Amino acid sequence: MLNIKIIINNYNGMAIETLNGQQKTKEEKGKITYTQYGFRSAQKSQSNPEGIDGYLNNVYDKFLEEQKLDEQGLKDRISKLKAELQQEKTKKNDANAEISSNKRNKDDKEKQIEELELEKIDIKNGEGEIGDNSSFIIGAFITLLLTMYLFVFYSSSGYSAFYGIKQGSLGFINPNVFTDAMNKGGGVIALIILFPVIFLAMGFYIHVSIENNKKLNLENKRSEYGIIGSLLLVTLIADVFIGYKISQGVHTNNFNAGLTNETWKFKMIFSDVNFYLVLVLGFVVYVVWGFLLNFVLSHSYLKTENEKVKLMIENVNNKITEKRKELSDIISKIHKFESEIITSESKIQEKEKDIIGYENGVIPINISSLKGSVGEFMGGWQNYTHGNFYNEDALRLNNDAIKAQSLWLTNKIENLNSDN
């Protein structure tokens with residue numbers, strides 16, 4: 001039944017008319033905001049929650065009116081939706097292509113992991129390769145010879161540095177070093193035998209430090225080079241001291257023999273070939289020997305069978321761990337692109353439905369925008385209630401109004417979905 005009543009009240013000089021049992025002012029129909037309308041609606045109803053449904057229906061009608069477009073605006077909206085639709089389809093196709101590519105990579109990684117697992121089984125069954133032994137044999141032979149050389153070098157050079165240099169001797173190479181030492185007593189014999197051991201021990205400790213760094217690298221920890229650097233520095237200082245003493249001794253012998261008229265001065269060391277020979281034949285050879293020693297002592301050939309197997313399995317496990325990490329990254333990418341496809345499909349359906357609606361004169365309802373408009377209305381309603389009632393009454397009235405608004409909005413959205 002259609003009820004039409006003429007002016008029953010005035011608000012700020014504006015006429016209010018009743019249409020289908022609902023009061024609307026001319027300003028409310030066109031110009032006032034949702035927040036203002038909520039404020040005035042609460043004022044008219046004295047914040048009575050039971051009357052809020054009728055005002056929300058007015059909000060909905062106003063919202064629909066705002067969604068209407070003229071002919072050009074309608075064409076622009078359809079064109080924009082079609083462009084967005086094409087963009088989402090392209091995005092979906094790109095995601096599908098990425099999924100296909102990553103699935104191929106996933107299959108490859110799984111196959112590589114399977115092959116490594118089989119390799120690990122072969123190692124446990126004694127079918128794994130233990131490496132090239134020829135390089136070990138050559139390296140061990142050279143290391144042994146260099147060890148003997150360093151022993152003789154540091155015995156001879158150490159004796160010369162501590163006990164002086166015979167006339168005509170080069171100092172760092174004394175073929176009669178052990179005979180001369182025996183003539184000086186047992187203590188000197190012990191010194192020239194044990195003195196080279198100091199350098200050999202430091203070289204061995206360099207090997208230990210290198211091995212410790214390898215373990216730290218496997219644990220993804222930072223390598224420590226302080227000990228290695230310190231040992232090399234101590235060896236260099238010792239060689240410099242030995243080289244200086246030998247150069248000084250050779251020069252003194254030449255002076256005593258009348259081969260030179262200059263007495264020894266410190267600066268002569270920089271032009272004395274004997275000093276540089278000691279560094280090259282001592283320190284440089286020592287460094288080479290140290291790294292060769294590490295190569296030989298860390299070679300799998302010297303490991304027991306169990307240690308070899310353990311080492312090989314550890315290497316394979318490290319490879320498997322790396323491949324599994326790569327596989328996990330690939331699977332994460334696949335899930336990400338699958339999620340993007342689901343989102344794109346939802347947007348594609350929504351935009352296709354909106355396009356059909358606009359083309360057939362049916363205005364699609366943007367739920368988020370509708371909720372925003374209702375929220376603005378409720379903000380004005382609550383502002384009036386808080387400003388015109390005691391706190392407890394205002395809180396109770398607003399809570400009841402929010403419950404009524406939530407129920408209205410839920411029903412409205414369900415009706416919209418069922419209509420679509």
Side-chain angles (χ1 to χ4, degrees), residues 1-3 16 18-25 27-69 77 81 84-85 88 339 342-420:
M1 178 177 181
L2 188 64
N3 293 323
I16 302 177
T18 301
L19 179 60
N20 294 333
Q22 296 177 351
Q23 293 181 346
K24 295 182 181 179
T25 69
E27 187 176 1
E28 288 169 350
K29 289 180 181 178
K31 295 181 181 179
I32 66 172
T33 64
Y34 291 109
T35 303
Q36 291 171 328
Y37 183 58
F39 186 93
R40 295 177 184 180
S41 298
Q43 184 183 43
K44 293 172 195 174
S45 64
Q46 287 301 295
S47 298
N48 183 1
E50 295 179 358
I52 201 169
D53 283 7
Y55 294 111
L56 288 174
N57 288 332
N58 290 344
V59 169
Y60 181 68
D61 291 340
K62 187 175 187 296
F63 174 79
L64 290 181
E65 188 68 26
E66 291 175 348
Q67 301 299 303
K68 292 181 180 179
L69 301 170
R77 180 66 61 85
L81 286 171
E84 292 174 352
L85 176 63
E88 288 299 329
S339 176
I342 293 173
T343 302
S344 293
E345 287 177 343
S346 175
K347 290 182 179 179
I348 288 171
Q349 292 177 0
E350 180 181 339
K351 292 184 186 302
E352 286 177 340
K353 185 169 67 175
D354 288 350
I355 291 171
I356 293 172
Y358 279 116
E359 289 178 340
N360 292 278
V362 179
I363 301 174
I365 302 300
N366 189 311
I367 301 299
S368 297
S369 297
L370 177 60
K371 289 181 179 180
S373 300
V374 172
E376 291 179 21
F377 170 84
M378 291 301 297
W381 181 286
Q382 292 177 60
N383 286 339
Y384 174 81
T385 305
H386 277 301
N388 291 274
F389 293 89
Y390 292 111
N391 287 339
E392 291 184 1
D393 293 336
L395 182 62
R396 175 180 55 80
L397 289 171
N398 277 334
N399 286 337
D400 291 342
I402 290 172
K403 291 179 182 178
Q405 173 262 319
S406 298
L407 181 60
W408 178 90
L409 187 59
T410 300
N411 292 333
K412 178 61 68 176
I413 292 173
E414 287 179 354
N415 290 335
L416 290 172
N417 291 334
S418 62
D419 290 341
N420 292 331

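No experiment lies behind these values; they were computed from the predicted model shown. Just so you know, these numbers use all the heavy atoms, side chains as well, and skip hydrogens, waters and symmetry mates.
Remark: I413 CD1 to K371 NZ distance equals 4.5 Å, nearest 0.5 Å. To the nearest 0.5 Å, atom CD of residue E84 and atom CD1 of residue I348 are 12.0 Å apart. To the nearest 0.5 Å, the span separating CG on N398 from CD on Q382 amounts to 4.5 Å. Atom CZ of F377 and atom CD of Q405 lie 9.0 Å apart (nearest 0.5 Å). Distance check, rounded to the nearest 0.5 Å: NE2 of H386 to CG of L395 gives 7.0 Å.
Closest of all the heavy-atom pairs between L85 and K351 is N-CD, 3.9 Å. Pairing each heavy atom of S47 with each of L397, the nearest pair is O-CD2, 3.7 Å. The two residues P49 and D400 make their nearest non-hydrogen contact at CG-CB, 3.5 Å. Here the closest heavy-atom approach between residue S41 and residue Y55 is recorded as OG-CD2, 3.2 Å. Of all the heavy atoms in L56 and W408, the pair that sits closest is O-CZ2, 3.4 Å.
In terms of modelled atom types and a separation under 3.5 Å, the side chain of S406 and the main chain of I402 share a donor-acceptor contact.
Because its NZ or CZ atom is not both nearer than 6.0 Å to the ring centre of Y37 and within 45° of the ring axis, K62 does not count as a cation-pi partner of that residue.
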Under the side-chain contact (heavy atoms from CB on, under 4.5 Å) rule, what do I52 and M378 come out as? Steps first, then yes or no, please. CA-CA 10 Å; I52 201 169; M378 291 301 297; 3.5 Å; yes
Would K412 and V374 count as a side-chain contact (heavy atoms from CB on, under 4.5 Å) if you check the C-alpha gap in whole Å, the side-chain angles of each, and the deciding distance to 0.1 Å? CA-CA 12 Å; K412 178 61 68 176; V374 172; over 6 Å; no
Test side-chain contact (heavy atoms from CB on, under 4.5 Å) applied to Q46 and F389, step by step: CA-CA 10 Å; Q46 287 301 295; F389 293 89; 4.1 Å; yes
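Proximity of Y384 to S45: side-chain heavy atoms (C-beta onward) are nowhere separated by under 4.5 Å.
Classification of the Y60-F63 ring pair by plane angle, with boundaries at 30° and 60°, yields parallel.
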